[in-house]
Amino acid sequence: MTQDQREQRRVLSRRTVLTTVGAVPVLAVAASVVGATEASAAAANVNPSAPRQTVKGFGAMSHAAWIGDLTAAQRDTAFGNGDGRLGLSLLRIPVGENQSDWSRDLATAQRAVALGATVFASPWNPPAAMIETFTRNGQAGQRRLKAGSYAAYAKHLNDFTTHLRNNGVSLYAVSVQNEPDYATEWTWWTPAEITRFLRENAGSISTRVIAPESFQYVKSMSDPILNDSAALANVDIIGAHLYGTSYANFPYPLFKQKGAGKELWMTEVYYPNSTANSGDAWPEALDVAEHIHHAMVDAEFQAYVWWYLRRSYGPMREDGQISKRGAMMAHFARFVRPGYVRIDATANPASNVYVSAYRDGDTVVVVAVNKNSSAVGQQFTLAGTTASGSVANWLTDSSRNVAPQGALTMANGSFTVTLPARSAMTFVTTIGGGTSSPGPSNSASPVPSGGPGPRVTYTVSPWSSGLTAAISITNTGTATIDGWTLDFTLPPGQSITSGWNATFSPSSGRVSARNVSYNGTLAPGATVDLGFQATHTGNTSEPAAFTLNGIPCTVA
């Protein structure tokens with residue numbers, strides 16, 4: 001059986017499951033969107049002072065063994081930012097059963113890292129020597145990890161992590177098992193088995209650990225982890241898939257109660273279907289935007305990851321062009337970058353209108369989806385600010401994909417726009433005054449002299465052989481900084497493997513972190529967040545000093 005035939009069988013079987021669990025047919029969804037004359041919706045109130053979850057990013061899966069690798073151009077389209085790009089900041093890859101396969105997805109992972117993306121991995125099966133077969137629900141030949149192979153399996157996952165790190169890709173996290181509760185064609189795990197593995201073995205893995213990646217966000221798979229303090233201590237990310245999961249089941253009260261310090265990720269889905277060439281189906285693609293909205297607002301996931309990145313039903317068509325579904329993802333991925341924080345907003349100001357909002361320092365991003373067959377006049381009001389200025393905005397409708405539109409005007413923290421029929425729009429503005437411009441900066445402006453220098457905070461989170469560094473830069477001056485470069489010297493033994501919200505060069509020694517296209521402007525009082533992941537040889541101390549555009553910084 002060819003790999004393509006395997007994938008086709010997998011899609012068909014999953015489609016059957018989706019039907020069984022009651023996925024809403026696409027035509028029924030479309031029919032529920034009632035057309036009307038252009039109407040004014042209630043104001044969408046955005047509260048920048050009401051933070052929710054910190055966003056880790058938006059991404060997709062690349063699986064070279066099953067569908068072939070991305071080309072160089074496709075990697076740049078997927079993980080680059082700006083017009084015509086998807087702006088993805090997360091890449092999911094498989095953990096091969098055999099070490100001989102561990103470099104199969106390496107080229108794509110390396111390029112994703114170079115473009116600022118974070119890479120994580122999921123296994124489908126342990127090595128064959130660690131597996132035993134058993135009869136499950138009357139079906140013989142099913143697979144599970146041998147009871148005596150748990151420690152060896154943890155070493156297998158750790159060895160994969162080490163292999164990638166030695167090849168320039170520092171995995172952010174590795175999963176215990178892809179869909180342990182939907183494993184007819186791979187390895188089954190019970191909740192008790194996963195909890196035991198986390199409790200007894202996951203502590204030896206040298207990167208973050210994800211579990212349980214349930215097929216349908218089945219809480220009975222993850223509840224035992226949250227209720228076992230020893231297992232919970234050894235997991236970093238509660239991961240879930242959303243195949244057929246109703247929006248009513250998106251919230252997770254137990255995680256909010258017991259998941260302090262842990263992350264909550266949606267690590268795989270396609271929605272609403274995997275019909276051939278459905279990537280460009282319109283207005284069906286708006287269902288993707290609504291799905292992302294509910295994942296961020298109702299479930300409060302920090303990450304949203306599509307199944308195959310390049311597929312006829314995915315964000316990238318087989319010819320490497322962005323699909324309509326991809327445009328929906330780009331409305332989030334390009335503008336809501338890692339480290340941004342979702343903030344409170346009126347989620348549903350009118351029937352079939354969906355709004356979510358995000359903040360990074362003084363930058364506020366609003367994503368609005370209008371599934372109605374007529375335009376809607378929508379006011380957005382930002383609480384606690386009287387800021388005025390321009391609002392950059394982008395539009396996708398039947399004929400345009402994330403197309404930049406003429407700037408809007410915000411006055412006293414409020415702006416109004418007509419959301420075209422069946423469209424998605426992203427708005428970017430600043431609450432610190434001035435003009436929002438996510439375009440690239442051609443040169444860095446000097447930091448105004450006089451008074452204290454720019455303020456930098458630098459927080460290190462180390463583990464056995466690696467660390468992450470979270471950096472914040474605040475413009476303490478009275479003039480806008482247009483383009484910035486932060487210079488510092490890494491302590492000996494530290495080497496950057498990936499970063500976000502800045503371009504870092506070189507990877508060790510004297511490092512320059514330069515702004516990227518969307519965060520080059522720092523208004524007075526504004527803060528930008530950036531950071532990196534690095535390896536170390538034992539020294540996890542912080543740089544001694546920082547300069548911004550050549551001006552010494554105050555370290556908070």
Side-chain angles (χ1 to χ4, degrees), residues 48-57 89 116 118 172 260-261 263 302 336-343 358-364 430-432 444-463 466-491 494-505 507-516 518-534 536 539-556:
S49 298
R52 298 305 176 195
Q53 77 270 29
T54 299
V55 176
K56 292 297 182 177
S89 51
T118 294
Y172 185 83
E263 298 175 15
Q302 296 171 261
V336 183
R337 302 300 295 173
Y340 277 50
V341 176
R342 188 178 71 83
I343 54 179
Y358 311 83
R359 179 178 181 178
D360 178 52
D362 280 351
T363 298
V364 172
T430 177
I431 57 176
S445 64
V447 175
S449 60
R455 184 171 66 249
V456 169
T457 61
Y458 188 96
T459 304
V460 174
S461 300
W463 61 91
L467 61 85
T468 57
I471 308 170
S472 294
I473 306 169
T474 301
N475 179 7
T476 58
T478 58
T480 296
I481 300 172
D482 185 15
W484 50 264
T485 299
L486 182 72
D487 292 304
F488 54 93
T489 299
L490 280 177
Q494 295 183 18
S495 180
I496 295 173
T497 57
S498 62
W500 56 91
N501 292 346
T503 301
F504 295 87
S505 180
S507 60
S508 60
R510 181 70 172 175
V511 175
S512 293
R514 295 180 175 84
N515 69 271
V516 287
Y518 50 83
N519 64 4
T521 300
L522 274 177
T527 298
V528 62
D529 295 319
L530 56 143
F532 60 83
Q533 185 166 320
H536 66 81
N539 184 354
T540 61
S541 59
E542 303 177 2
F546 301 83
T547 62
L548 189 73
N549 294 356
I551 304 298
C553 298
T554 300
V555 181

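Note that the coordinates shown come from a computational prediction; the quantities given were computed from them, not determined experimentally. Reckoned from all heavy atoms, side chains included, excluding hydrogens, waters and symmetry mates.
You'll find the side chain of L467 reaches within 4.5 Å of the side chain of Q494, heavy atoms only. Side-chain atoms of R337 and V516, non-hydrogen and from C-beta on, never get closer than 4.5 Å to each other. Residues W484 and V528 have side chains in contact (heavy-atom distance under 4.5 Å, counting atoms from C-beta outward). At least one side-chain heavy atom of Y458 sits less than 4.5 Å from a side-chain heavy atom of P543. You'll find the side chain of C553 reaches within 4.5 Å of the side chain of L486, heavy atoms only. The closest side-chain heavy-atom distance from P524 to T480 is below 4.5 Å. The side-chain heavy atoms of V55 and Q302, taken from C-beta on, include no pair separated by under 4.5 Å.
The closest donor-acceptor contact from the side chain of T497 to the backbone of Q533 lies under 3.5 Å. One N or O on the side chain of T430 and one on the backbone of D362 form a donor-acceptor pair closer than 3.5 Å. N539 places no side-chain N or O within donor-acceptor distance of the main-chain N or O of P491, the cut-off being under 3.5 Å. A donor-acceptor contact shorter than 3.5 Å links the side chain of N501 to the backbone of P338. The backbone N or O of P48 lies less than 3.5 Å from a partner atom in the side chain of R359, making a donor-acceptor pair.
Separation of atoms CG (D487) and CD1 (I551) is listed at 11.5 Å; rounding is to 0.5 Å. The distance from atom CG of D360 to atom CG of L530, rounded to the nearest 0.5 Å, is 9.5 Å. In this structure, the separation between OH on Y172 and OG1 on T468 is 7.0 Å, given to the nearest 0.5 Å.
Of the options T521, N515, N549, I473, a side-chain contact (heavy atoms from CB on, under 4.5 Å) to I481 is made by N549 and by none of the others.
Partners of Y358 by ring-ring contact (aromatic ring centres under 6.0 Å, His included), not counting sequence neighbours: none found. Under the rule for a side chain to side chain contact (heavy atoms under 4.5 Å, CB included), A545 has no partner lying at least two apart in sequence or in another chain.
In terms of heavy-atom proximity, S508 sits nearest to S495 at CB-CA, 4.4 Å. Residue P462 comes nearest to V460 through the heavy atom pair CD-O, 3.6 Å, listed as atom of the first residue, atom of the second, then distance. Taking both residues in full, the closest heavy atoms of S472 and T527 are given as CB-CG2, 3.9 Å, listed atom of the first, atom of the second, then distance. In plain terms, the two heavy atoms of T485 and S512 that are nearest each other are CG2-CB, 3.9 Å.
Using cut-offs of 30° and 60° for the angle between ring planes, the F532 and F504 rings count as perpendicular.
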